[in-house]
Amino acid sequence: MTRSKIELGDVTPHNIKQQKRLNQVVFPVSYNDKFYKDVLEAGELAKLAYYNDTVVGAVCCRIDTSENLCHLYIMTLGCLYHYRRLGIGTKMVEHVLNYVEKDRNFDSIFLHVQVNNEGAIEFYKKFGFEIVETKE
């Protein structure tokens, strides 16, 4: 039996279209060209997730500073439907948490999830995320 391999890789000008296509399939919103320009400049805060060398997920974050506080905002974190519950999302969240742990200058990590996406809400709760507010 071969073991499945989950790896994270850098987002580059050569594979950014894979992230764009993945986002179109996974998320109910579309992202503009500026979003993808920012992704290319995000470094360790943007990763493609590979399952046995196939792109099946992606995560992208940005650093927000306001009122002398530093927050990490998870802009997108998604995985193709047929590859969910295989540890890919966990690998992406752990990457983000490790990044924050190494830096230690962050006051919080936050993200937005649609209120009807109960699976995602439960997924993030496993990592200690809490619902702080609900927006219309």
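The model shown is predicted, which means the values in this text are computed figures rather than measured ones.
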Find out whether [X] and [Y] are in side-chain contact, i.e. whether some heavy atom of one side chain is under 4.5 Å from a heavy atom of the other.
| X | Y | value |
| --- | --- | --- |
| Leu45 | Leu72 | yes |
| Cys61 | Val96 | yes |
| Phe106 | Ile63 | yes |

Check whether Asp107 reaches the backbone of Cys70 with its side chain - one donor and one acceptor, N or O, closer than 3.5 Å. yes
Nearest atoms (heavy-atom pairs only) where [X] meets [Y]:
| X | Y | value |
| --- | --- | --- |
| Met75 | Phe35 | CE-CE1, 3.9 Å |
| Ile88 | Ala49 | CG2-CB, 3.6 Å |
| Leu40 | Pro13 | CD2-N, 3.5 Å |

Under a plain distance cut-off of 3.5 Å, with no hydrogens placed, do Arg21 and Gln18 share a side-chain donor-acceptor pair? no
With Glu130, which residues qualify under salt bridge (charged side-chain N to carboxylate O under 4.0 Å, His left out), at least two apart? none
Any residue meeting salt bridge (charged side-chain N to carboxylate O under 4.0 Å, His left out) with Lys126, in chain and number order, not counting sequence neighbours: none
Can you pull out every side chain to side chain donor-acceptor pair (under 3.5 Å) where at least one residue sits in residues 74-101? Sequence neighbours excluded, please. Glu101-Arg104
Does any pair with a residue in residues 42-51 pass side chain to side chain donor-acceptor pair (under 3.5 Å), and if so which ones, sequence neighbours excluded? Ser4-Tyr51, Asp10-Lys47, Glu44-Lys47
Show me the donor-acceptor pairs within less than 3.5 Å that the side chains of residues 109-124 make with the rest of the protein, sequence neighbours left out.
from, atom 1, to, atom 2, distance (Å)
His112, ND1, Tyr73, OH, 2.9
Asn117, OD1, Ala120, N, 3.1

Rounded to the nearest 0.5 Å, how far does [atom2] of [Y] lie from [atom1] of [X]?
| X | Y | atom1 | atom2 | answer |
| --- | --- | --- | --- | --- |
| Leu48 | Asn15 | CG | CG | 5.0 Å |
| Thr54 | Leu80 | OG1 | CG | 10.0 Å |
| Leu69 | Ser108 | CG | OG | 7.5 Å |

Under 4.0 Å between a Lys/Arg side-chain N and an Asp/Glu carboxylate O for Asp33 and Lys37? no
Restricting to pairs with a member in residues 64-73, which pass salt bridge (charged side-chain N to carboxylate O under 4.0 Å, His left out), not counting sequence neighbours? Arg62-Asp64
Val100 with Val132, same ILVMFWY side-chain cluster at under 4.5 Å: no
